Amino acid sequence: MTGSKSGLQKGLVSYGDQDFSLFLRKAFIKGAGFTDEALDRPIVGVANTASGFNPCHGNAPQLIEAVKRGVMLAGGLPIEFPTISLHESFARPTSMFLRNLMSMDTEEMIRAQPMDAVVLIGGCDKTVPAQLMAAASAGVPAIQLITGSMLTGSHQGVRVGACTDCRRYWGQFRAEEIDQKEINSVNNQLVASVGTCSVMGTASTMACIAEALGLTVPNGASPPAVSADRIRIAESTGATAVSMIKAQRSPDKILTSEAFENALRVLLAIGGSTNGLIHLTAIAGRMGVRIDLKRLDTFARETPVLVDLKPSGQHYMEDFHHAGGVPRLLRELKPLLHLDCLTVSGWSLGEQIDRAEASFDQSVIRPLSAPIYPQGGLAVLFGNLAPHGAIIKQSAASPDLMQHEGRAVVFENLEDMANQIDRDDLDVGPQDILVLKNIGPKGAPGMPEAGYIPIPKKLARAGVKDMIRISDGRMSGTAGGTIVLHVSPESAIGGPLGVVKTGDRIRLNVTQRSLELLISEDELTARSASQPQRPPTADRGYKKLFLDSVLGAEDGADFNFLRAQSSQTVIPRQS
Ligand code: FES
């Protein structure tokens, strides 16, 4: 009962007698009705993230059925197992607080259980990053299956979808442009089916990144959750997982520094979520690859936005799929990509592009010669307010605010903001700059998506649609506006954002990539020295682990002990 360590013989439990361990394992699984013939096959684990609290994964049961069919058609044995599942609206205090926990759970379950390859079923914002971080660290052949985007709905003849339109209608409600009855009616239409948000938010961004990294089957990112294409992708994912076992196609062969550069190109070209950068940084960090923000900005200047999806553009994920999805985008981006990167299918990225459906006329994915935005969606800012960097999604910002000097109106934390933002006596004008402190990785904790600071109600009522907003937090990938995020170091650990006072002047210049607090160096030093130096901590449990171990935004907010210990390759490489 010894032999090669694969299938059921892999990773035996320690009883001190390996043959007995296998004997016992077989006895238990046979209790579920398996035969020896089934148990002799290579095993594909299927990470089941179905949860009643996660409607973005509401199609997981159908996907699992199709994955299993694909695995068995290819000669493997599928065995599903549960992991943590995270939904944006159901994981308090924020799903980001739990992303690293999900990655640890997934990594350890892949390692602990006898699987020769694993299919990771994820979709909602933090699930795919957590799974890819886990896959990178676990080292077992792994393939990502995306749950797929939800369908769009309709409100009074206007096409709507979560969650760019959620914010648009909520803004109208706050400005008293629509009443309670109408906002209730909109609420019924925004999420028209199970699946992930229907715009280029974080979920869609991470789906595209997973495909660009070579970790999904071709065209695996874009089919809607409830489409036949999605089910066929699931079946083919199962079959591909078996082929990966035979070829020993492990993550280290796929997740190379070149693959991460390809993923960065795609992140920029889709006008992807700012969160995508944090997650990609965390995944790369697991492989010993460091994304340098200064170099990324140079990279961004030469990578235009080609995909016309909300919130940067006008279309939805189903339109992106019908236009050809990621394979079509990769074809347009071909001159900027490393084409010899290996993918889960065994083909190189270049071969995969060549095998994709022939190009046809459409308006959602533009050619390099006619982009919807001439530079990448993200710009990296530095300055005395963000010595380690900050980012802005320039493709979704207001052009007239990209170079602006204004008076800071400061909120010390989330509670302070909630108490003040809607007060009629709040001293704020449309040219002011809203600053929110203490929402970084350690500050809130968990770096919540509160960087999309609402327009103060009295200004919203007066018709103000956008203002510069600055924080050390994140914002949803579905949101837009002139919003500076991920300011680092964060205020809770002594970053300069912590010393800003209401009435200070701040200058944002996106063209020059600068973010400056307009006080003297001496004043900044004096204020920093008088700041309380008490990094947040906790007495016990996961919160303690999180606060003691989480890194800054520029390191992907991963835990310090989870990153690769090997020397780091820095990307993007300079030409
Ligand atoms: Fe799950 Fe948007 S809430 S993808």
Side-chain angles (χ1 to χ4, degrees), residues 47-60 63 83-99 102 120-132 144-153 160-170 186-211 216 220-227 230 267 270-276 278-280 309-312 315-318 320-321 393 396 446-452 474-480:
N48 179 359
T49 49
S51 160
F53 290 111
N54 194 346
C56 296
H57 294 199
N59 59 342
L63 295 181
T83 71
I84 292 173
S85 185
L86 300 173
H87 183 279
E88 288 305 287
S89 291
F90 290 91
R92 193 174 175 277
T94 164
S95 60
M96 186 65 178
F97 178 65
L98 296 163
R99 182 203 64 178
M102 182 176 174
L120 300 161
I121 301 179
C124 196
D125 292 15
K126 306 304 175 297
T127 60
V128 172
Q131 291 179 326
L132 295 183
Q144 183 75 55
L145 174 60
I146 303 295
T147 58
S149 60
M150 61 183 69
L151 300 180
T152 50
V160 294
C163 233
T164 306
D165 297 320
C166 311
R167 294 170 209 287
R168 185 164 59 82
Y169 279 100
W170 190 251
V186 170
N187 192 255
N188 284 332
Q189 297 304 319
L190 287 165
V191 179
S193 74
V194 296
T196 57
C197 288
S198 53
V199 297
M200 192 52 82
T202 306
S204 304
T205 298
M206 292 310 302
C208 295
I209 281 178
E211 186 169 346
T216 75
S222 61
V226 295
S227 64
R230 176 53 63 198
L267 169 66
I270 59 180
S273 162
T274 46
N275 292 319
I278 291 196
H279 299 318
L280 195 53
L309 250 63
K310 289 172 184 265
S312 297
H315 296 289
Y316 293 88
M317 270 307 272
E318 14 179 331
F320 179 59
H321 181 56
K393 188 172 187 174
M447 213 180 175
E449 291 184 339
Y452 182 76
R474 300 175 301 118
M475 77 171 178
S476 163
T478 63

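When a ligand or atom number is given, it counts from 1 through the structure's own listing order. None of these values were measured; they are calculated from a predicted model.
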Asks: For atom 2 (Fe) of ligand 1, find the nearest protein heavy atom and state the residue, atom name and distance (0.1 Å precision).
Replies: C197 SG, 2.2 Å

Asks: Could you list which atoms of ligand 1 come closer than 4.0 Å to a heavy atom of C56?
Replies: 1 (Fe), 3 (S), 4 (S)

Asks: Does C124 approach ligand 1 within less than 4.0 angstrom via side chain, backbone, both or neither, non-hydrogen atoms only?
Replies: both

Asks: If we ignore hydrogens and angles and just use 3.5 Å, is the side chain of T49 paired with the main-chain N or O of S85 as donor and acceptor?
Replies: no

Asks: With no hydrogens and no angle check, is any side-chain donor or acceptor of H57 less than 3.5 Å from a backbone partner on C124?
Replies: yes

Asks: Could you tell me whether the side chain of R230 and the main chain of I146 form a donor-acceptor pair under 3.5 Å?
Replies: yes

Asks: Would you mind running through ligand 1 and noting each atom that sits below 4.0 Å from a heavy atom of E88?
Replies: 3 (S)

Asks: T202 and side-chain hydrogen bond (donor to acceptor under 3.5 Å, both in side chains): which partner among S273, S95, S476?
Replies: S273

Asks: Counting each atom of ligand 1 from 1 as listed, which ones have a heavy atom of D125 under 4.0 Å away?
Replies: 2 (Fe), 4 (S)

Asks: As an exercise, identify every atom of ligand 1 less than 4.0 angstrom from a heavy atom of A203.
Replies: 4 (S)

Asks: Are any side-chain N or O atoms of S198 and backbone N or O atoms of A162, one a donor and one an acceptor, separated by less than 3.5 Å?
Replies: yes

Asks: Look at H87 and state whether any of its N, O or S atoms is less than 2.8 Å from atom 1 (Fe) of ligand 1.
Replies: no

Asks: For E449, run the side-chain hydrogen bond (donor to acceptor under 3.5 Å, both in side chains) check against N275, T94, T478 and tell me which one passes.
Replies: N275

